[in-house]
Amino acid sequence: MTKNSELLFAPELDQPVRYIERTRNYYLGLGYETPYVWAHYLDVPFAPLQKPLNQSTLGLVTTAVPFDASKGPQGPGAAYNAAAKFYDPYSRSIDEDADLRIAHVGIDRRNANMQDGNCWFPLDAAKRALASGRIQSLSKNFYGLPTNRSQRHTLEIDAPLILSKMRADQVDLAVLIPNCPICHQSQSLLARYLEAAGISTVIMGAAKDIVEYCGVPRLVFSDFPLGNAAALPNNIESQDSNFELALRLLEGAPGPRTTVQSPLVWSSDPVWKLDYSNLERLSAEEIARLRDEAEKARITARDIRVKSVGA
């Protein structure tokens with residue numbers, strides 16, 4: 001019998017992915033010499049609930065984009081599609097067909113489900129919470145936040161526009177659901193901005209390190225692949241349990257930087273965590289191909305951004 005034979009430790013791999021480190025190494029490996037500087041704050045604004053949930057109006061914020069067939073493949077199995085990116089915040093009625101896609105951002109394409117929209121946008125779960133009386137009302141619109149690498153643009157342009165849309169819809173509190181690494185940063189910056197304006201927020205995210213490094217009031221962390229932070233695929237029970245966890249965190253967070261981890265498990269085998277942006281698992285030929293794709297995508301996204309916001 002060995003010394004540690006009775007210690008039933010979890011596999012070392014079974015811990016949250018360090019996306020800041022992973023993406024930094026990935027882009028350095030592709031030849032981009034200047035590492036991205038992630039947003040990081042010490043102080044975090046915190047807006048306690050002003051009213052009970054059953055007297056409050058809740059808004060949803062996504063980084064997904066409404067499907068547009070003219071912008072190329074965006075369905076299950078679609079490659080990264082920079083042509084589908086958007087750079088202006090939008091709002092859509094919750095009563096319209098919310099066919100939102102995530103092919104325009106850097107999700108975990110090897111593991112995340114790209115078919116079940118409930119995995120990244122919990123509108124159905126929110127409507128069930130409304131029907132049960134858990135919340136008083138849903139905002140008549142949901143809101144789209146651009147995935148913006150410019151932190152200044154997010155804070156000075158996008159966040160004020162989202163706030164103005166929420167004010168018009170009389171939103172009291174908000175659930176923010178990011179997808180890619182930069183999405184998690186953008187939503188974190190927005191959460192901080194909304195909290196400073198008196199709107200209570202909770203992020204439902206999968207990149208724990210990025211959100212906590214930025215500094216937010218409340219985070220429901222699901223240890224799921226990027227792109228599927230809201231629920232397990234084709235699993236209504238997981239949709240409702242994760243959304244309820246977000247509502248409870250809105251009610252019960254004692255202060256800023258409160259993180260609660262969802263008890264849901266993506267897979268009994270954590271090996272999927274090695275796949276995302278991991279050059280160690282790719283051949284030299286694949287790395288060269290990805291370098292070319294990344295540069296083409298960067299140029300495409302730059303052109304869309306210039307046409308959209310002029311910078």
Side-chain angles (χ1 to χ4, degrees), residues 30 59-124 126-127 139-150 153-154 157-159 161-162 164-166 168-169 176-187 190 225-231 233-234 276-277 289-311:
L30 291 186
L60 298 173
V61 186
T62 181
T63 54
V65 66
F67 176 62
D68 182 344
S70 69
K71 294 183 178 180
Q74 297 158 66
Y80 175 70
N81 183 354
K85 282 185 174 293
F86 68 102
Y87 285 99
D88 292 310
Y90 69 82
S91 59
R92 295 286 189 279
S93 170
I94 63 170
D95 296 323
E96 295 179 5
D97 178 22
D99 185 5
L100 301 179
R101 306 297 179 95
I102 53 176
H104 66 296
V105 289
I107 61 166
D108 185 345
R109 283 172 167 75
R110 289 194 178 185
N111 299 287
N113 181 287
M114 293 182 68
Q115 185 169 10
D116 181 7
N118 293 291
C119 290
W120 59 84
F121 188 55
L123 179 57
D124 288 348
K127 288 182 175 179
S139 170
K140 65 180 181 180
N141 295 301
F142 65 87
Y143 314 95
L145 177 71
T147 303
N148 207 324
R149 290 181 179 271
S150 169
H153 196 280
T154 296
I157 306 297
D158 297 339
L161 286 172
I162 294 289
S164 67
K165 294 175 185 295
M166 287 187 169
D169 293 341
L176 286 56
I177 314 94
N179 294 298
C180 71
I182 296 295
C183 298
H184 279 77
Q185 176 179 253
S186 298
Q187 291 278 41
L190 176 61
L226 291 177
N228 285 183
N234 307 306
Y276 185 80
S277 294
R289 177 181 59 80
L290 288 170
R291 184 181 294 114
D292 291 341
E293 288 184 357
E295 187 60 17
K296 291 177 182 177
R298 185 189 68 81
I299 294 171
T300 299
R302 181 201 63 191
D303 293 345
I304 295 172
R305 176 180 168 81
V306 168
K307 292 178 182 178
S308 178
V309 299

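Please read these numbers as outputs of a predicted model, since none were measured by experiment.
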message: With a 3.5 Å distance limit and no angle check, can you tell me whether Trp120 reaches the backbone of Thr63 through a side-chain donor-acceptor pair?
response: no
- prompt: Is the side chain of Arg101 donor-acceptor paired with the backbone N or O of Pro73 at a distance under 3.5 Å, no angle test?
  reply: no
task: List the atom of Pro181, the atom of Tyr276, and the distance in Å for their closest heavy-atom pair.
output: CD-OH, 3.3 Å
query: Quick one: does NZ or CZ of Arg92 land under 6.0 Å from the six-membered ring centre of Phe142, within 45 degrees of the ring axis?
result: no
query: How long is the gap from CG on Asp88 to CG on Leu161, to the nearest 0.5 Å?
result: 8.0 Å
field: Distance, nearest 0.5 Å, that separates CG of Leu176 from OH of Tyr143
entry: 11.5 Å
task: Can you measure from CG (Asn148) to CD (Gln185) and round to the nearest 0.5 angstrom?
output: 9.5 Å
- prompt: Would Thr147 and Cys180 count as a side-chain contact (heavy atoms from CB on, under 4.5 Å) if you check the C-alpha gap in whole Å, the side-chain angles of each, and the deciding distance to 0.1 Å?
  reply: CA-CA 8 Å; Thr147 303; Cys180 71; 3.5 Å; yes
field: Minimum heavy-atom distance between Ile162 and Pro89, given as atom pair plus value
entry: CD1-CB, 3.8 Å
message: Using side-chain contact (heavy atoms from CB on, under 4.5 Å), reason through Arg109 and Tyr80 one step at a time and then give a plain yes or no.
response: CA-CA 9 Å; Arg109 283 172 167 75; Tyr80 175 70; 4.1 Å; yes
statement: Taken to the nearest 0.5 Å, the spacing of Phe121 CZ from Ile102 CD1 works out to 13.0 Å
- prompt: With distance as the sole test, does Asp116 use its side chain to make a donor-acceptor pair with the main-chain N or O of Asn234 at under 3.5 Å?
  reply: yes
Full working for side-chain contact (heavy atoms from CB on, under 4.5 Å) between Leu145 and Asp158: CA-CA 7 Å; Leu145 177 71; Asp158 297 339; 3.9 Å; yes
query: Is there a side-chain contact (heavy atoms from CB on, under 4.5 Å) between Ile107 and Met114 once you walk through the steps?
result: CA-CA 9 Å; Ile107 61 166; Met114 293 182 68; 3.7 Å; yes
- prompt: Rounded to the nearest 0.5 Å, how far apart are CD1 of Ile177 and NE2 of His184?
  reply: 10.5 Å
message: Restricting to non-hydrogen atoms, name the atom on Lys127 and the atom on Ile94 that form the minimum distance, rounded to 0.1 Å.
response: NZ-O, 3.0 Å
field: Shortest non-hydrogen contact between Leu123 and Ala98, atoms and distance
entry: CD2-CB, 4.1 Å
message: Looking at every heavy atom in both Pro233 and Asn228, which two are closest together, and how far apart are they?
response: CG-OD1, 4.4 Å
message: With a 3.5 Å distance limit and no angle check, can you tell me whether Lys85 reaches the backbone of His104 through a side-chain donor-acceptor pair?
response: yes
message: If I take atom CE from residue Met166 and atom OG from residue Ser139, how far apart are they, to the nearest 0.5 angstrom?
response: 7.5 Å
- request: Answer whether the closest heavy-atom distance between the side chains of Ile182 and Val105 falls below 4.5 Å.
  value: no
query: Do you know the tightest heavy-atom contact between Asp108 and Pro225?
result: OD2-CB, 3.7 Å
